[in-house]
There are 2 protein chains.
Amino acid sequence: MNQNRLDLVFSALSDATRRGMLEQLAAGETNVGTLGEPYDMSQPAVSKHLRVLERAGLIRRTRQGREHRIRVDPRPIEEASTWIGRYARFWKQQFDAVDAYLKARADEARTRSRTKAKEQDKR
Amino acid sequence: MNQNRLDLVFSALSDATRRGMLEQLAAGETNVGTLGEPYDMSQPAVSKHLRVLERAGLIRRTRQGREHRIRVDPRPIEEASTWIGRYARFWKQQFDAVDAYLKARADEARTRSRTKAKEQDKR
DNA sequence: CTGATTCATAACCGAATGGTTATATAACTG
DNA sequence: CAGTTATATAACCATTCGGTTATGAATCAG
């Protein structure tokens with residue numbers, strides 16, 4: 001399908017191994033072997049995970065002799081964070097609004113609990 | 001593989017159709033048919049996308065007659081937002097620190113070059 | 001009851017995913 | 001030079017994914 005950047009980033013982040021690699025890279029750039037050490041998988045499997053992260057633009061690599069130094073490129077993460085953050089904020093706000101509404105209604109009900117009979121809800 | 005919650009959420013978000021559905025749901029809860037209208041795909045395909053969102057905990061459904069009312073559950077998105085937000089903030093901070101360092105070094109180099117020029121004058 | 005509407009499920013298909021082993025390439029080491 | 005090390009690539013495999021068509025089940029309308 002039409003794989004845009006956001007698709008690739010979220011897809012790359014959907015694997016715990018790859019998220020772990022990114023977190024490991026937060027401690028500083030390393031080579032491929034070191035990145036793969038924590039995981040019980042073959043070297044080609046590690047190589048594939050890195051290729052996925054690279055295709056998503058989440059890492060960059062530079063050759064230093066026979067080693068590949070891997071470092072994070074924070075820009076695509078920033079993009080994804082923006083999307084998801086905007087969305088999360090919207091729902092937090094919705095939740096807070098409903099919360100405030102319910103609280104207000106509870107207060108109101110308390111103050112005129114004897115005068116009011118029954119409220120009809122809309123929708 | 002060992003599919004934890006974060007895996008499922010990011011995986012669900014990695015498809016533009018599903019992200020679109022979530023955005024559509026921000027306008028309020030709807031039924032399955034309405035959710036699928038914007039997309040050029042069969043009804044079972046829509047149903048499958050909803051199942052993916054549901055497995056990830058991103059939506060909830062309630063039956064009303066023959067219709068299914070779909071609404072967002074914002075909690076898993078909040079979780080994902082937390083992970084990615086923390087990560088994005090870390091890298092922004094790193095970037096800012098490097099930026100500040102480079103700027104400081106540039107300033108220092110500027111003053112040093114003036115000093116060096118003076119010393120050469122002395123010679 | 002009959003027929004239409006809303007949705008899910010089953011069965012299938014091709015492509016992508018995540019893993020493997022085996023092999024290739026390039027750089028370092030003695 | 002030969003041997004070791006770091007990494008990628010190829011070929012393969014099972015599973016998942018995103019789509020399809022066909023069918024089923026429940027509810028609504030006349």
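A note on names: the letters A, B, ... follow the listed sequences, proteins ahead of strands, and every chain is numbered from 1.
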Among all residues two or more places apart in sequence or in another chain, which pass the side chain to side chain donor-acceptor pair (under 3.5 Å) test with A:T82? none
Side chain to side chain donor-acceptor pair (under 3.5 Å) partners of B:Q24, counting only residues at least two apart: none
Just to be sure I understand the rule, does A:R69 reach a base, reach only the sugar-phosphate, or reach nothing, if contact means heavy atoms closer than 4.0 Å? nothing
Nearest to the side chain of B:R51 - C:dG18, D:dT9, C:dT9? C:dT9
Any idea which heavy atoms bring [X] and [Y] closest together, and the distance?
| X | Y | value |
| --- | --- | --- |
| B:Y39 | B:M21 | OH-N, 3.3 Å |
| B:F10 | A:L13 | CD1-O, 3.4 Å |
| A:S81 | B:I84 | N-CD1, 3.8 Å |

Between atom [atom1] in [X] and atom [atom2] in [N], what is the gap in whole Å?
| X | N | atom1 | atom2 | result |
| --- | --- | --- | --- | --- |
| B:D7 | C:dT17 | CG | P | 15 Å |
| B:D15 | D:dC17 | CG | P | 11 Å |
| B:F10 | C:dG18 | CZ | P | 15 Å |
| A:L8 | C:dT17 | CG | C1' | 13 Å |
| A:Q64 | D:dT7 | CD | P | 11 Å |
| B:M41 | D:dT20 | CE | P | 7 Å |

Judged by each residue's nearest nucleotide on DNA chain C, which is more toward the 5′ side, A:E67 or A:S14? A:S14
Tell me if the side-chain of B:R66 makes a donor-acceptor pair with the base of C:dT5, cut-off 3.5 Å, by modelled atom types. yes
Non-neighbouring partners of A:E78 that pass salt bridge (Lys or Arg N to Asp or Glu O under 4.0 Å), sequence neighbours left out: none
Under 4.0 Å, heavy atom to any atom of DNA chain D: which of residues 24-40 of chain A qualify? A:N31, A:V32, A:G33
Specify the residues of residues 43-50 of chain B, ordered by number, for which at least one heavy atom lies under 4.0 angstrom from an atom of DNA chain D. B:P44, B:A45, B:K48, B:H49
On DNA chain D, more 5' by nearest nucleotide between B:R55 and B:G65 is B:R55
When rounded to the nearest 0.5 Å, the distance separating CG of B:L35 from CD of B:E37 is 9.0 Å
Show me the donor-acceptor pairs within less than 3.5 Å that the side chains of residues 49-57 of chain A make with the rest of the protein, sequence neighbours left out.
from, atom 1, to, atom 2, distance (Å)
A:H49, ND1, A:R18, NH1, 3.1
A:E54, OE1, A:R61, NE, 3.3
A:E54, OE1, A:R61, NH2, 2.9
A:E54, OE2, A:R61, NE, 3.2

Tell me whether the side-chain N/O atoms of B:S42 come closer than 4.0 Å to OP1 or OP2 in D:dG19. no
Short side-chain N/O contact from A:R18 to OP1 or OP2 of C:dG18, under 4.0 Å: yes
Looking at B:S14 and B:S11, would you say the former's side chain and the latter's main chain have a donor-acceptor pair under 3.5 Å? yes
